[in-house]
Amino acid sequence: MKFTEHRDSQVYTIKQYQPGLVKINDFTLNQSCAISQHEIKEDWNCTDIASLTPDHLDALLAFSPEVILLGTGETQHFPDPALLAHCAAQGVGVEVMTNMAACRTYNVLTTEDRQVVLALILED
């Protein structure tokens with residue numbers, strides 16, 4: 001699915017998502033990644049929800065977000081509740097959804113200038 005919208009070119013926006021691939025502004029990634037309005041972590045090495053650890057979440061918390069959007073692939077899979085509590089203890093909410101829904105939600109929240117981090121699990 002293609003996403004289009006005119007906005008500040010200095011902000012990272014999801015332009016396209018399809019299984020195994022995400023286009024952010026003018027470049028394409030085909031591995032799990034984390035994105036905020038002004039920063040991309042291309043090597044967020046979480047390959048499936050079962051391998052999600054507190055260290056993965058700490059890498060997302062380093063962005064200082066209000067909320068983390070966790071895209072778990074083509075199907076919504078919830079992580080261990082203890083992992084969600086890890087973020088909640090630091091005052092950060094986690095919303096778990098499919099990658100497609102997470103990409104759409106990220107784009108909406110960035111237009112509102114919210115401090116959001118999108119983490120996408122792109123399976124190998």
Side-chain angles (χ1 to χ4, degrees):
M1 168 179 263
K2 279 197 173 266
F3 296 93
T4 59
E5 181 175 326
H6 294 282
R7 58 186 351 214
D8 181 356
S9 63
Q10 301 301 313
V11 171
Y12 288 121
T13 304
I14 306 304
K15 300 294 185 181
Q16 180 181 2
Y17 173 78
Q18 63 189 48
L21 180 145
V22 61
K23 184 173 182 182
I24 306 158
N25 290 12
D26 293 327
F27 61 95
T28 303
L29 296 175
N30 58 6
Q31 63 190 29
S32 296
C33 57
I35 306 148
S36 72
Q37 287 189 31
H38 303 288
E39 191 175 351
I40 296 177
K41 182 170 181 53
E42 295 181 42
D43 60 346
W44 189 64
N45 62 355
C46 183
T47 56
D48 61 61
I49 196 68
S51 68
L52 185 68
T53 66
D55 288 339
H56 289 121
L57 296 174
D58 287 340
L60 303 177
L61 292 167
F63 286 90
S64 300
E66 298 171 31
V67 64
I68 295 169
L69 303 176
L70 179 60
T72 61
E74 304 317 299
T75 306
Q76 182 183 35
H77 299 281
F78 287 91
D80 182 321
L83 294 171
L84 300 177
H86 176 76
C87 294
Q90 297 185 46
V92 178
V94 178
E95 296 294 332
V96 180
M97 54 194 75
T98 66
N99 284 351
M100 180 70 76
C103 287
R104 286 190 309 259
T105 304
Y106 168 83
N107 280 347
V108 169
L109 292 178
T110 59
T111 62
E112 297 173 357
D113 203 28
R114 300 278 304 276
Q115 298 304 311
V116 59
V117 169
L118 169 64
L120 296 175
I121 297 174
L122 299 180
E123 299 170 358
D124 297 329

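- Within the 4.5 Å cutoff, no side-chain heavy atoms of D26 are placed close to those of K15.
- Remark: L84 engages P79, V94, V96 in a side chain to side chain contact (heavy atoms under 4.5 Å, CB included) (not counting sequence neighbours).
- Between atom NE2 of residue H38 and atom CD of residue Q10 there is a gap of 8.5 Å, rounded to the nearest 0.5 Å.
- Remark: side-chain polar atoms of T72 are paired, donor with acceptor, to backbone N or O of T75 under 3.5 angstrom.
- The ring-ring contact (aromatic ring centres under 6.0 Å, His included) contacts involving residues 46-78 comprise W44-H56, where partners must be two or more places apart or lie in separate chains.
- Both I49 and V117 are assigned to one and the same hydrophobic cluster, defined by single-linkage of ILVMFWY side chains at heavy-atom distances under 4.5 Å.
- In the hydrophobic clustering of this structure, L29 does not group with I68; members are Ile, Leu, Val, Met, Phe, Trp, Tyr whose side-chain heavy atoms approach within less than 4.5 Å, directly or through other members.
- The closest donor-acceptor contact from the side chain of S32 to the backbone of L122 lies under 3.5 Å.
- Partners of L21 by side chain to side chain contact (heavy atoms under 4.5 Å, CB included), not counting sequence neighbours, listed by chain and number: Q18, T28.
- Identified under the salt bridge (charged side-chain N to carboxylate O under 4.0 Å, His left out) test for residues 58-86, with sequence neighbours left out: E66-R114.
- Each of L60 and Y106 belongs to its own hydrophobic cluster when Ile, Leu, Val, Met, Phe, Trp and Tyr are linked at side-chain heavy-atom distances under 4.5 angstrom.
- Note: L120 CG to L69 CG = 9.0 Å, rounded to the nearest 0.5 Å.
- Using modelled atom types, one side-chain atom of N107 and one backbone atom of I14 make a donor-acceptor pair closer than 3.5 Å.
- Remark: V67 pairs with E95, L109, V116 by the side chain to side chain contact (heavy atoms under 4.5 Å, CB included) rule, at least two apart or across chains.
- Of all non-hydrogen atoms in A59 and K41, the two that sit nearest each other are CB-CE, 3.9 Å.
- A search for side chain to side chain contact (heavy atoms under 4.5 Å, CB included) contacts involving A101 returns M97, T98, R104, not counting sequence neighbours.
- Two different hydrophobic clusters hold I35 and L61 under the rule that ILVMFWY side chains link at heavy-atom gaps under 4.5 Å.
- The backbone N or O of N45 lies less than 3.5 Å from no partner atom in the side chain of Q31, so there is not a single donor-acceptor pair.
- Atom CG of residue L52 and atom CG of residue L83 lie 5.0 Å apart, to the nearest 0.5 angstrom.
- The shortest side-chain heavy-atom distance between S51 and I121 does not fall under the 4.5 Å cut-off.
- Residues L118 and Y12 are not in side-chain contact: their nearest non-hydrogen atoms beyond the backbone lie 4.5 Å or more apart.
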